[in-house]
Amino acid sequence: MRAMILAVLFALAACASNNAPPASDELYKDLGGRAGIARLVDEFMFRVLNDARIAHHFANTDLERLNGKLKEKFCAEAGGPCAYTGDTMSDVHRGLGVTRADFNALVEDLRVAMETLHVPQSAQNRLLARFAPMQAEIVRE
């Protein structure tokens with residue numbers, strides 16, 4: 001059932017423009033502001049780097065830089081007072097061969113990280129909806 005809900009969220013969000021900033025900072029606040037986002041990104045990275053399905057994609061990655069860019073991205077996507085200063089998702093993932101299964105594993109790790117930190121379900125859904133359109137820029141099948 002949860003997988004079906006995620007699939008519907010991704011399908012709906014794929015129709016939305018991800019370039020538009022959030023209408024408010026409500027999601028940012030619901031995630032706990034900068035401190036909450038920092039905890040979430042740290043937990044998310046721990047899960048991703050220990051996920052045998054996808055950890056290999058990060059073998060040659062500057063993890064400290066990735067952590068910082070993810071915090072910027074999460075903060076900006078949540079409507080916080082941050083600007084994402086990294087490269088486009090398309091540029092970052094070019095040539096990595098990320099599959100739909102890889103992307104789904106990453107989303108699963110994010111969902112588990114949010115549940116571990118007791119992020120409210122509505123905030124989880126809104127964050128996932130913000131990130132869902134990026135699948136088209138990341139997956140190369």
Side-chain angles (χ1 to χ4, degrees), residues 1-59 61-141:
M1 179 66 164
R2 199 163 265 203
M4 185 184 304
I5 292 170
L6 286 175
V8 169
L9 277 173
F10 284 134
L12 291 173
C15 298
S17 169
N18 198 43
N19 295 331
S24 75
D25 66 352
E26 181 182 351
L27 178 56
Y28 174 76
K29 290 176 181 175
D30 288 348
L31 292 173
R34 283 188 197 266
I37 287 171
R39 283 189 302 275
L40 176 56
V41 169
D42 291 344
E43 180 70 22
F44 173 55
M45 281 191 61
F46 172 80
R47 294 192 175 281
V48 166
L49 296 173
N50 288 286
D51 187 335
R53 299 171 295 176
I54 58 175
H56 63 278
H57 284 297
F58 302 91
T61 301
D62 177 343
L63 297 178
E64 188 174 325
R65 182 177 190 282
L66 174 61
N67 186 280
K69 295 304 170 194
L70 284 174
K71 287 174 181 172
E72 287 179 5
K73 187 70 168 169
F74 276 55
C75 180
E77 290 297 326
C82 310
Y84 174 66
T85 61
D87 296 325
T88 67
M89 292 298 103
S90 184
D91 287 344
V92 169
H93 297 91
R94 184 173 289 119
L96 296 180
V98 177
T99 66
R100 189 172 316 275
D102 295 333
F103 187 84
N104 291 342
L106 186 110
V107 170
E108 183 181 318
D109 291 338
L110 176 55
R111 186 185 52 77
V112 172
M114 290 189 288
E115 288 179 1
T116 298
L117 296 175
H118 307 290
V119 173
Q121 190 67 48
S122 64
Q124 290 184 33
N125 292 342
R126 286 178 286 145
L127 184 63
L128 290 171
R130 291 293 303 171
F131 285 131
M134 294 176 203
Q135 180 180 19
E137 299 176 59
I138 295 169
V139 173
R140 299 290 179 218
E141 288 186 307

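Quick note: residue numbers are just sequence positions, from 1. The figures here come from the full heavy-atom set of this structure, side chains too, leaving out hydrogens, waters and symmetry mates.
At least one donor-acceptor pair closer than 3.5 Å links the side chain of Tyr28 to the backbone N or O of Arg34.
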Exercise. Is there a side-chain contact (heavy atoms from CB on, under 4.5 Å) between Leu110 and Leu40 once you walk through the steps?
Worked result: CA-CA 8 Å; Leu110 176 55; Leu40 176 56; 4.2 Å; yes

For this session: Decide side-chain contact (heavy atoms from CB on, under 4.5 Å) for Val107 and Gln135; before the verdict, give the C-alpha distance in whole Å, the side-chain angles of both, and the deciding distance to 0.1 Å.
Result: CA-CA 10 Å; Val107 170; Gln135 180 180 19; over 6 Å; no

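Put simply, CD1 on Ile37 and CZ on Phe44 are 13.5 Å apart, with the number rounded to the nearest 0.5 Å. Once rounded to the nearest 0.5 Å, the distance linking CG of Leu63 with CZ of Arg65 reads 12.0 Å. For the atom pair CG (Leu27) and SG (Cys75), the distance works out to 10.0 Å, reported to the nearest 0.5 Å. Taking CD1 of Ile138 as the start and OG1 of Thr99 as the end, the distance is 12.0 Å to the nearest 0.5 Å. Separating the CE atom in Met114 from the CD atom in Glu43 is a distance of 11.5 Å, to the nearest 0.5 Å.
Between Lys69 and Asp62, no side-chain nitrogen of the basic residue sits less than 4.0 Å from a carboxylate oxygen of the acidic one, so the salt-bridge criterion is not met. Under the 4.0 Å criterion applied to side-chain N and carboxylate O atoms, Asp91 and Arg94 are assigned as salt-bridge partners.
Using a 4.5 Å heavy-atom cutoff, the side chains of Arg111 and Gln124 are in contact. Inter-residue side-chain proximity for Lys73 and Met134 is flagged as met; some heavy-atom pair is nearer than 4.5 Å.
Side-chain contact, Ser122 with Asn125: no donor N or O sits under 3.5 Å from an acceptor N or O. Looking only at atom types and distance, the side chain of Thr85 has a donor-acceptor partner in the side chain of Glu72 under 3.5 Å away.
When all heavy atoms of Phe131 and Glu77 are compared, the closest pair comes out as CE2-CG, 3.6 Å. Closest heavy-atom contact between Asp102 and Arg53: OD1-O, 3.9 Å. Across Asn50 and Phe46, no two heavy atoms sit closer than the pair ND2-O, 2.7 Å. Taking each heavy atom of Leu31 and Ala78 in turn, the nearest pair found is CD1-CB, 3.8 Å. Across Ala55 and Leu49, no two heavy atoms sit closer than the pair CB-O, 3.5 Å. Val98 approaches Phe103 most closely through the heavy-atom pair CG1-N, 4.3 Å.
When each of Ile54, Asp42, Asp109, Leu106 is paired with Arg47, the side-chain contact (heavy atoms from CB on, under 4.5 Å) condition holds for Asp109 and for no other.
Residue pairs meeting the salt bridge (Lys or Arg N to Asp or Glu O under 4.0 Å) criterion with at least one member in residues 22-31, sequence neighbours excluded: Asp25-Lys29, Glu26-Arg126, Asp30-Arg126.
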